[in-house]
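Have a look at the structure below, then the notes.
Since we're looking at a predicted model, the values are computed, not measured. We use all heavy atoms of the structure for the numbers below, so side chains are in, but hydrogens, waters and symmetry mates are not.
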Amino acid sequence: MWMCIGCVDLENPEEMEEEIPVVICAAAGRMGAAIAAISSIYSNTEANVLFYIVGLKTTIPHIRKWIENSKLKEIKFKVVEFNPMVLKGKIRQDASRPELLQPLNFVRFYLPLLVQKHEKVIYLDDDIIVQGDIQELFDTKLAPGHAAAFSDDCDLPSTHEMVRSVGMQNTYMGFLDYRKQAIRDLGISPSTCSFNPGVIVANMTEWKHQRITKQLEKWMQRNVEENLYSSTLGGGVATSPMLIVFHGKYSAINPMWHIRHLGWSPDTRYSEHFLQEAKLLHWNGRYKPWDYPSVHTDLWENWFIPDPSGKFKLTRPDS
């Protein structure tokens with residue numbers, strides 16, 4: 001199901017603990033996102049980061065060339081191929097936002113198959129940049145029995161106004177269809193605060209022990225049969241199964257390590273001071289910083305490295 005292509009040799013075992021594994025996807029059509037994210041992480045830390053860059057077979061040569069022919073050639077990385085066949089029969093087609101059904105959206109469900117030698121792993125969506133030292137995020141404490149840490153959608157007062165102004169969902173009711181018996185049977189209040197799985201700190205031992213991947217797959221399959229949630233309701237089909245499986249069983253990430261919603265509206269902006277304080281920025285939503293229109297693109301572009309092959313180009317009003 002997985003294969004590792006052109007793996008960089010790992011350090012000797014005594015140094016393994018020092019390594020910070022960061023999983024990030026490189027998707028066709030938006031590969032510059034992964035490049036900017038990796039560039040921002042690498043430039044802001046002295047830590048020993050090992051990037052696991054996940055792609056589909058067709059995109060892997062492009063991302064490898066981009067890294068090897070740019071200033072990122074110094075990074076330590078493995079390129080891993082994700083086989084979309086693993087998702088067969090588990091995804092209900094939804095025409096409203098087809099990009100949310102891309103196979104790489106579900107990579108986060110399969111972390112232990114991808115990263116086998118590490119106890120603790122960071123997973124990041126590609127539409128982020130990191131302004132702090134990734135070591136701080138890696139040092140997030142996970143409570144005993146918790147397989148992951150996320151950011152609560154109600155965790156930061158300064159984002160509440162943003163959420164209200166663009167009509168965003170931040171409760172379970174925005175992701176799950178409470179008209180369905182299977183959802184009501186979970187006994188989760190619809191007003192429960194949701195979390196965003198675009199930034200995850202995960203404990204692989206707990207993940208495997210609790211069979212998290214199997215549980216997530218079960219809820220994917222049930223959704224195919226019963227249509228329990230849909231991407232028209234909220235933030236997409238990858239979030240909903242995680243909200244069910246991790247309900248009441250996750251630790252918290254420091255809110256400044258996941259300032260999100262930058263991609264929800266081309267008009268709604270945060271204050272510059274607030275953004276400078278942020279450790280990680282996330283353009284979740286439709287308005288991506290490599291496209292136009294979008295907001296706070298200067299902060300993202302600081303870390304972008306142009307594609308040596310010229311295939312990936314930024315969309316700008318004057319381009």
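The closest donor-acceptor contact from the side chain of Ser40 to the backbone of Ala37 lies under 3.5 Å. The main-chain N or O of Asn223 is never found under 3.5 Å from a side-chain atom of Asn227 such that the two would form a donor-acceptor pair. A distance-only check finds a donor-acceptor pair linking the side chain of Arg108 to the backbone of Pro197 [under 3.5 Å]. The main-chain N or O of Pro308 is never found under 3.5 Å from a side-chain atom of Lys311 such that the two would form a donor-acceptor pair. Panel note: side chain Ser43, backbone Ser39; a donor-acceptor pair is recorded below 3.5 Å. Asn284 contributes a side-chain N or O that, together with a main-chain N or O of His261, makes up a donor-acceptor pair within less than 3.5 Å. Although no hydrogens or angles enter the test, the distance criterion places a donor-acceptor pair under 3.5 Å between the side chain of Ser265 and the main chain of Thr268. At distances below 3.5 Å, at least one donor-acceptor pair connects side-chain atoms of Gln131 with backbone N or O atoms of Leu275.
Taking hydrophobic clusters as Ile, Leu, Val, Met, Phe, Trp and Tyr residues chained together by side-chain heavy-atom distances below 4.5 Å, Tyr292 does not share a cluster with Trp283. Hydrophobic clustering (side-chain heavy atoms under 4.5 Å, transitive across Ile, Leu, Val, Met, Phe, Trp, Tyr) keeps Val295 apart from Ile129. Criterion: ILVMFWY side-chain heavy atoms under 4.5 Å apart, direct or through other members. Under it, Tyr229 and Val224 are not part of a common hydrophobic cluster. Trp303 and Tyr287 fall into different hydrophobic clusters, where Ile, Leu, Val, Met, Phe, Trp and Tyr side chains are chained together by heavy-atom contacts under 4.5 Å.
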Pair Val54, Ile24 - check side-chain contact (heavy atoms from CB on, under 4.5 Å), show working.
CA-CA 6 Å; Val54 187; Ile24 199 151; over 6 Å; no
Can Cys154 and Asn170 be said to form a side-chain contact (heavy atoms from CB on, under 4.5 Å), step by step?
CA-CA 7 Å; Cys154 308; Asn170 63 355; 4.1 Å; yes
Does Asn254 form a side chain to side chain donor-acceptor pair (under 3.5 Å) with Lys279? I'd like the steps, not just the answer.
CA-CA 9 Å; Asn254 173 340; Lys279 307 284 191 176; over 6 Å; no
Given Phe51 and Lys78, is the side-chain contact (heavy atoms from CB on, under 4.5 Å) satisfied, shown in steps?
CA-CA 6 Å; Phe51 293 97; Lys78 290 181 169 194; over 6 Å; no
May I have the step-by-step check of side-chain contact (heavy atoms from CB on, under 4.5 Å) for Asp307 and Met31, ending in yes or no?
CA-CA 9 Å; Asp307 182 358; Met31 213 165 278; over 6 Å; no
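Inter-residue side-chain proximity for Ile259 and Phe274 is flagged as met; some heavy-atom pair is nearer than 4.5 Å. Two residues are said to be in side-chain contact when any heavy atoms from C-beta on lie closer than 4.5 Å; His118 and Leu50 meet this criterion. Within the 4.5 Å cutoff, the side chain of Lys57 has no heavy atoms near those of the Asn83 side chain. Looking at Lys88 and Met85, their side chains come closer than 4.5 Å, going by heavy atoms from C-beta outward. Looking at heavy atoms from C-beta onward, Val23 lies out of side-chain contact with Ile122 at the 4.5 angstrom threshold. Taking the side chain as every heavy atom from C-beta outward, Ile20 and Val22 approach each other to under 4.5 Å. Counting heavy atoms from C-beta outward, Val130 and Ile128 have side chains that approach closer than 4.5 Å.
Taking both residues in full, the closest heavy atoms of Gln210 and Ala147 are given as NE2-N, 4.2 Å, listed atom of the first, atom of the second, then distance. Between Cys25 and Asp126, the shortest heavy-atom distance links the atoms O-CB, 3.6 Å. Among all heavy-atom pairs drawn from Arg316 and Pro289, the shortest one is NH2-O, 2.7 Å. The nearest pair of heavy atoms linking Gly89 to Gln221 is O-CG, 4.1 Å. Minimum heavy-atom separation, Thr213 to Phe109: OG1-O, 2.7 Å. When all heavy atoms of Ala149 and Ile253 are compared, the pair lying nearest together is O-CD1, 3.3 Å.
Using modelled atom types and a 3.5 Å distance limit, the side chains of Asn196 and Ser151 yield no donor-acceptor pair. Judged purely by distance below 3.5 Å, without hydrogens or angles, the side chains of His146 and Asn203 never pair a donor atom with an acceptor atom. Checking Glu119 against Thr205 by side-chain atom types alone, a donor-acceptor pair falls below 3.5 Å. One side chain, Asp133 or Thr45, offers a donor N or O that lies under 3.5 Å from an acceptor on the other.
From Lys288, atom NZ reaches atom CG of Asp127 across 3.5 Å, with rounding to the nearest 0.5 Å. Note that OG of Ser70 is 6.0 Å distant from CD1 of Ile35, once rounded to the nearest 0.5 Å. We find the CZ-CZ distance between Phe195 and Phe150 to be 4.0 Å, quoted to the nearest 0.5 Å. Here the straight-line distance linking atom CG of Leu56 with atom CZ of Phe82 works out to 8.0 Å at 0.5 Å rounding. From Leu114, atom CG reaches atom OH of Tyr110 across 12.5 Å, with rounding to the nearest 0.5 Å. The CD atom of Gln102 lies 7.5 Å from the CG atom of Leu104; values are rounded to the nearest 0.5 Å.
Look at Lys76 and Glu19 and you find a salt bridge, because one of the NZ, NE, NH1 or NH2 atoms lies within 4.0 Å of a carboxylate O, short of that distance.
Take Glu277 and apply the salt bridge (Lys or Arg N to Asp or Glu O under 4.0 Å) test, not counting sequence neighbours, and it matches no residue. The salt bridge (Lys or Arg N to Asp or Glu O under 4.0 Å) test applied to Lys90 returns Glu217, not counting sequence neighbours. Shown here are the salt bridge (Lys or Arg N to Asp or Glu O under 4.0 Å) partners of Glu206, two or more places apart in sequence or in another chain: there are none. Shown here are the salt bridge (Lys or Arg N to Asp or Glu O under 4.0 Å) partners of Lys180, two or more places apart in sequence or in another chain: Asp177. Qualifying side-chain contact (heavy atoms from CB on, under 4.5 Å) partners for Lys208, counting only residues two or more places apart in sequence or in other chains: Pro112, Met204.
Ring centers of Trp300 and His296: at least 6.0 Å apart, outside the cut-off. Taking the six-membered ring where the residue is Trp, the centroids of Trp207 and Phe246 are separated by under 6.0 Å. In this structure, Phe312 has its ring center closer than 6.0 angstrom to the ring center of Phe304.
A side-chain contact (heavy atoms from CB on, under 4.5 Å) with Leu186 holds for exactly one of Leu243, Ile244, Leu228; it is Ile244. Between Arg260 and the choices Asp153, Asp125, Asp152, the salt bridge (Lys or Arg N to Asp or Glu O under 4.0 Å) rule is met once, by Asp153.
Counting heavy atoms of neighbouring residues, nucleotides and ligands inside a 6.0 Å radius, atom CD of Gln181 exceeds 12 of them. Counting non-hydrogen atoms of other residues, nucleotides and ligands closer than 6.0 Å to CZ of Arg184 gives a total above 12.
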Could you pull out every donor-acceptor pair under 3.5 Å between side chains of residues 134-143 and any protein atom, sequence neighbours left out?
{"from": "Gln135", "atom 1": "NE2", "to": "Asp139", "atom 2": "OD1", "distance (Å)": "3.2"}
{"from": "Glu136", "atom 1": "OE1", "to": "Trp257", "atom 2": "NE1", "distance (Å)": "3.2"}
{"from": "Thr140", "atom 1": "OG1", "to": "Leu137", "atom 2": "O", "distance (Å)": "2.6"}

